Every structure is written in C-alpha cells, then in structure tokens.
Amino acid sequence: MPRDEISWTPSPGSTTSDQPRQVRRILKLFKPYRARLAVVGLLVGASSLVTVATPFLLKETLDVAIPQGRTGLLTLLALGMIASAVVTSIFGVLQTLISTTVGQRVMHDLRTAVYARLQSMSLAFFTRTRTGEVQSRIANDIGGMQATVTSTATSLVSNLTAVVATIVAMVALDWRLTAVSLLLLPVFVWISRRVGNERKKIATQRQRQMASMAATVTESLSVSGILLGRTMGRSDSLTRSFAVESDGLVDLEVRANMAGRWRMAVISIVMAAMPAFIYWAAGMALRLDGSTISIGTLVAFVSLQQGLFRPAVSLLSTGVQIQTSLALFQRIFEYLDLPVDITERDNPVHLDRIKGEIRFEDVEFHYDGKSGPILADIDITVPAGGSLAVVGPTGSGKSTLSYLVPRLYDVTGGRVTLDGVDVRDLDFDTLARAIGVVSQETYLFHASVADNLRFAKPDATDEELYAAARAAQIHDHIASLPDGYGTIVGERGHRFSGGEKQRLAIARTILRDPPVLILDEATSALDTRTEHAVQEAIDALSANRTTLTIAHRLSTVRGADQIVVLDHGRTVERGTHEELLEREGRYAALVRRDAELEPEPTR
C-alpha cells in the first residue's frame with residue numbers, strides 16, 4: 001500500500017522551536033480540573049512531609065531512645081514510623097485515584113475535540129486523507145499519551161515535592177554532606193534533557209510508522225480490501241508489504257526503548273553508590289578536622305539520601321517522558337488546528353418552513369487555487385417541488401454540483417440558494433432538515449437494519465420503518481430474513497446485494513422526509529427490473545418535493561421538468577427530454593449511446 005502524506009501544514013504552535021507555547025497549551029487542558037488537582041497537590045505535599053519525618057524519627061531512635069533506654073519514647077517513635085507508612089500509603093491511593101480520573105477526563109476531552117474537529121471538516125479533507133491515519137491519531141496518539149496525562153503530572157509534582165522536602169531535611173541534618181550528595185545533580189539534569197530530546201524525535205517517527213501501518217490494516221483488511229486482494233492475487237504481496245511496515249516499527253520501538261538507557265543506567269549506578277560515598281566522606285571529615293557526626297545523624301542522612309534517589313531518578317525519567325509525549329501532543333494539536341473551511345455564520349439564518357426552491361447563480365468551483373475550475377458559469381433554477389436532472393459524461397462535475405447544495409463543498413464563486421437564502425448563511429440544522437441525499441456509494445453501519453434506518457430518524461416507530469421500506473421496495477425482503485429488521489447488515493452492508501443496499505439507503509432517506517432530494521446515481525446499482533420498481537417509489541416520493549437527480553443512465557431522468565447537460569463543468573444544453581432530443585445535440589447522443597448499451601430483452 002502506498003504511503004500518502006496528510007496534506008496540511010502543522011500549526012505554528014506545534015513546532016519544536018515553540019515548546020513553551022505548546023507546554024502552556026497542554027497545561028490549559030487541565031484547567032477545568034484545577035480544583036481536583038489542588039486536592040492532589042495537598043495530598044502530595046502532606047505525603048512528602050510525612051515521608052521526610054521518618055528519618056528524623058529514626059535519628060531520635062538511634063541517638064536518644066535506644067542509648068538512654070527510654071522504652072516509652074522508643075514505643076512512640078516506632079508507632080510514629082508505622083503511622084507514617086500507613087498515612088503515606090493512604091495518601092498515595094487517594095492521589096492516584098484523583099489524578100487518574102483527571103487524566104482520563106483530559107483524554108476524553110482530547111478524543112472528543114479531535115472527533116468533533118474531524119466532523120466539521122469538508123468532504124475534500126477526507127478525499128485526500130487515509131482513514132487509517134485518522135483512526136491512528138485518535139487511537140494510537142491519544143492512547144500513547146495515557147501515561148502522561150493520567151500519572152505524569154502527579155508524578156512530577158509528587159517527586160518534585162519529595163526532592164525539595166528531602167533536600168531541606170538533609171541540609172537541616174548536615175549541609176556539608178548535602179553539598180557532596182548534590183554535586184553531580186546538574187550533570188544528571190543535562191543528561192536527562194539530552195535523552196528526552198532524542199526520544200522525542202524517535203517518538204515522532206514511531207507514531208508516523210504506526211499511523212502508516214494502521215492505514216494499511218484498515219484498507220487491506222476491510223471487506224472491500226479482502227475482496228480486491230484475493231481477486232487480484234495480491235494477498236501474499238500485501239502480507240509482505242505489511243511485514244515491511246511492521247519491521248520498521250520494530251526498529252523504532254527498540255530505538256525508543258534503548259535511547260539513553262546507558263546514560264540513565266550510569267545515573268542509577270552513581271545514585272546507588274552515594275551511600276558508600278557518604279560514609280567515606282563522613283569518615284574523612286572525622287579524620288581531617290575532627291568533625292563529629294552522630295550515628296543517628298549519619299543513618300538518618302543516608303536514609304534521606306536513599307529516599308532522595310527514587311524521586312530524583314523518577315523526576316529525571318518523568319522529564320524524559322514529557323519530552324517524548326510532546327511529540328504525541330504535537331500530532332494531536334495538528335488535527336485540532338486544522339482549518340475548517342465550511343463553518344456556520346455567527347448569526348445564521350434558520351428556516352422553520354422550507355419550500356425547496358434551489359438556485360445556482362453564476363456558480364464556480366475548484367478544489368484549490370492551482371487547478372482549473374471543476375464547475376464554471378452555472379446558472380440553474382429549480383422551482384419548489386420541481387425536478388432537475390443533471391447528465392453528462394464521467395468527470396463533467398455532476399456529483400460536485402449536487403454536493404454544493406448541502407454544503408459538502410462550498411462554492412468558490414457565485415452562490416447557491418435555498419428559498420432565496422445563500423446556503424452559506426443557513427444554519428446546519430436547516431440544511432440537514434431540508435436536504436436528503438442518496439449517494440451512488442451506499443454506506444451502511446455494522447448494525448441492524450432497523451438501526452441503519454433510524455439513523456435518519458432516531459424516534460421513528462416500527463410502522464414508519466415498514467412504510468419507508470415498502471416505498472423503497474425492500475420491506476418484503478427484510479421481512480423474509482430470519483431476524484427481520486434486527487438483521488445485522490455486516491461491514492458496509494456486505495451481507496446485502498448492491499441493489500438491496502441502495503434500496504435501504506432510499507428507505508432511510510424516505511424516512512427522513514426532506515423537502516429537497518438529491519439522488520446521486522441512486523439507482524446505479526440496480527438491475528433493470530428493480531430499477532423500475534424503485535423508480536416508481538422515487539417518483540411517488542418526489543411528488544411535491546424539489547428533486548435534483550444526477551444520472552448516468554438516462555432512463556431515470558426522462559420525466560424531469562428540466563434536464564441540464566454538463567461537459568467539462570459547463571452547461572452545454574438544457575430543456576425537457578423531448579426538446580433535447582429534437583436538437584440532436586449532446587443529450588441526443590447520450591440517449592443513443594444508452595440505447596446501444598441497453599441489453600436486448602430475453603426471448
């Protein structure tokens with residue numbers, strides 16, 4: 001499978017050189033939960049203070065209680081150390097619960113925001129973007145941030161508080177030993193930043209590779225992909241292609257996990273060796289200048305120093321993890337920053353009663369500024385309740401013209417109006433209520449027949465479902481199935497034939513009952529007999545409704561009030577079926593072509 005790149009430019013806020021702005025943006029995600037985070041902060045602070053108190057209890061035990069035989073004090077100190085452990089554990093469980101809940105809510109907010117952003121994108125975005133890439137952003141990228149948003153923030157605060165509190169306690173015990181203990185700390189920080197930057201770069205490459213592999217899986221393991229691969233004899237080739245993608249991911253995963261491991265291992269070794277160094281330094285101080293450090297002080301200090309080891313290493317690792325996560329946040333922010341080219345006005349027009357008059361006024365459309373116009377100089381009026389058929393050769397712009405009415409695309413010149421109002425000025429609710437579309441590509445969800453029909457009208461009764469299905473000439477077939485309307489249609493409706501899927505789509509639109517109908521090759525997948533039956537249903541449905549029919553087979557458009565012939569995006573003929581036949585022009589040639597292609601009746 002080829003690797004297609006998403007055709008957008010990352011927002012300025014997502015560049016590596018602007019990390020402070022990106023960090024502020026990440027922190028803003030937690031703003032709605034600042035009250036809960038404040039509670040976590042209090043728990044973290046209290047837990048750190050209780051933990052730091054334990055070495056001081058140990059010092060008193062070794063220097064006072066045991067040497068002086070004060071059993072009462074010894075009992076209190078022992079109970080204090082036990083209570084410290086209990087309280088620390090309880091605080092730890094509570095802060096984990098709250099921080100995990102906050103993190104999951106942030107992930108929910110991100111997933112929802114990305115999904116909502118994608119829902120607002122124009123059709124053009126999805127025509128140039130692989131479905132697997134979109135899915136990977138929502139699943140892999142946001143999923144990869146789970147550890148960061150659920151535990152990293154708490155870990156950062158907890159470890160930072162613990163480090164500060166421990167250092168203060170160490171200074172209180174002996175400032176000289178503290179200075180020796182922290183001598184190499186700046187070097188450790190520098191190493192961890194280098195490791196973090198290295199892992200961030202690898203993480204970016206890894207997520208791109210995962211997105212590419214997800215796109216390959218989505219395309220090749222769908223029902224359509226399996227059919228194509230099997231019938232073309234490409235199953236082995238697709239497997240080899242996937243193996244190459246997976247092998248590239250293996251290398252990146254190994255690099256991601258091993259990046260900086262040796263440097264971090266050196267830090268761990270040095271930190272673990274610090275107690276021995278502290279004992280050596282205390283002994284040397286005693287010999288050189290006669291300084292005396294009590295056994296209790298020395299043991300308490302080493303205990304603090306050992307307690308400093310875990311949060312310090314964790315803090316450095318957290319910094320590395322944050323650097324790595326910035327790459328994932330950058331990819332998510334790229335989606336959130338995608339420009340939405342089809343938006344609702346600040347004060348859109350809402351129509352309660354829709355008549356259905358459609359006008360194309362000097363309409364022009366092109367996909368980008370570099371290509372030539374797909375449509376140009378289109379002026380058409382469809383009266384309310386009237387019917388328009390648009391015909392022409394493949395690639396003449398027929399479907400594109402119909403997509404301008406429900407704003408799947410926006411015109412780049414001129415305007416399209418509904419009841420005299422520019423469709424760009426209408427609110428989305430009005431457009432959704434006004435226009436029903438039956439496309440040549442029928443899409444059904446992997447759900448029951450009833451669920452697919454109710455997607456158009458969630459509160460529809462069973463009787464309304466049956467009536468819509470009867471109008472689309474599909475009720476008898478559904479009723480004959482073992483599970484009836486509860487039958488699962490399968491992935492993209494592959495348990496039904498092309499004609500059955502098309503009739504289900506028509507029934508779904510009938511159920512919605514819109515005043516404007518757009519039929520984009522709505523009977524293209526039907527055989528001649530079924531086409532006639534469904535056309536009768538469409539004709540009955542179209543009564544008193546504005547109907548725009550895009551057709552390649554001209555047998556479905558002969559009764560239209562007006563027929564427009566497009567060629568290279570321009571209107572070359574218009575009139576009724578009879579008028580156009582008399583002119584012996586493009587339309588007449590298309591009719592003759594259809595007649596030649598029409599199969600002879602079976603004798």
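Note that this is a predicted model, so its numbers are computed, not measured.
Put simply, OG1 on T101 and CZ on R105 are 9.0 Å apart, with the number rounded to the nearest 0.5 Å. Once rounded to the nearest 0.5 Å, the distance linking CG of L465 with CZ of R508 reads 12.5 Å. I90 CD1 to L43 CG: the interatomic distance, rounded to the nearest 0.5 Å, is 11.0 Å. Separating the CG atom in L42 from the CG atom in L94 is a distance of 12.0 Å, to the nearest 0.5 Å. Atom-to-atom distance recorded for L57:CG and L73:CG is 9.5 Å, nearest 0.5 angstrom. Separating the CG atom in L511 from the CG atom in L453 is a distance of 6.5 Å, to the nearest 0.5 Å.
Applying the 6.0 Å contact sphere to CG of D459 captures more than 12 heavy atoms from other residues, nucleotides or ligands. Environment of OH in Y33: crowded, with over 12 heavy atoms of neighbouring residues, nucleotides or ligands closer than 6.0 Å. The number of heavy atoms from other shown groups lying within 6.0 Å of OH (Y115) does not exceed 12. In R36, the CZ atom is not crowded: 12 or fewer heavy atoms of neighbouring residues, nucleotides or ligands sit closer than 6.0 Å.
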- Message: Would E344 and R407 count as a side-chain contact (heavy atoms from CB on, under 4.5 Å) here? Give the steps.
- Response: CA-CA 11 Å; E344 201 173 63; R407 291 194 70 194; 5.7 Å; no

- Task: Go through L426 and H350 one step at a time and tell me if the side-chain contact (heavy atoms from CB on, under 4.5 Å) criterion holds.
- Result: CA-CA 6 Å; L426 293 171; H350 181 81; over 6 Å; no

- Take N452 and V449 through the test side-chain contact (heavy atoms from CB on, under 4.5 Å) and record every step on the way to the result. CA-CA 5 Å; N452 273 278; V449 172; 5.8 Å; no

- Query: Is there a side-chain contact (heavy atoms from CB on, under 4.5 Å) between D427 and V349 once you walk through the steps?
  - Reply: CA-CA 6 Å; D427 62 9; V349 177; over 6 Å; no

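Note that R25 lies in the cation-pi zone of F333, set by a 6.0 Å cut-off to the ring centre and a 45° limit from the axis.
Remark: side-chain polar atoms of R345 are paired, donor with acceptor, to backbone N or O of R424 under 3.5 angstrom. Side chain of T88 to backbone of S84: a donor-acceptor contact under 3.5 angstrom is found. Checked by atom type and distance alone, the side chain of R117 never pairs as donor or acceptor with a backbone atom of T112 at under 3.5 Å. Although no hydrogens or angles enter the test, the distance criterion places a donor-acceptor pair under 3.5 Å between the side chain of T100 and the main chain of T96. In terms of modelled atom types and a separation under 3.5 Å, the side chain of D451 and the main chain of A447 share no donor-acceptor contact.
Between L29 and F329 there is a side-chain heavy-atom pair separated by less than 4.5 Å. Contact check for L37 versus V102: side-chain heavy atoms found under the 4.5 Å cut-off.
Scored by the ring pair (Phe, Tyr, Trp, His ring centres under 6.0 Å) test, Y485 finds Y466, H475 as partners (sequence neighbours excluded). Residues that satisfy the salt bridge (charged side-chain N to carboxylate O under 4.0 Å, His left out) test with R454, not counting sequence neighbours, are D462. The salt bridge (charged side-chain N to carboxylate O under 4.0 Å, His left out) check on D483 picks up nothing, with sequence neighbours excluded. Not a single salt bridge (charged side-chain N to carboxylate O under 4.0 Å, His left out) links R512 to another residue, sequence neighbours left out. For the salt bridge (charged side-chain N to carboxylate O under 4.0 Å, His left out) test, residues two or more places apart in sequence or in another chain that qualify with E464 are K457.
The shortest non-hydrogen separation linking T61 to L77 is OG1-CD1, 3.4 Å. Shown here for G486 and S448, the closest heavy-atom pair between the two residues is O-CB, 3.7 Å.
Judged as a salt bridge (charged side-chain N to carboxylate O under 4.0 Å, His left out), the pairs with a partner in residues 61-83 (not counting sequence neighbours) are, in order, K59-D63.
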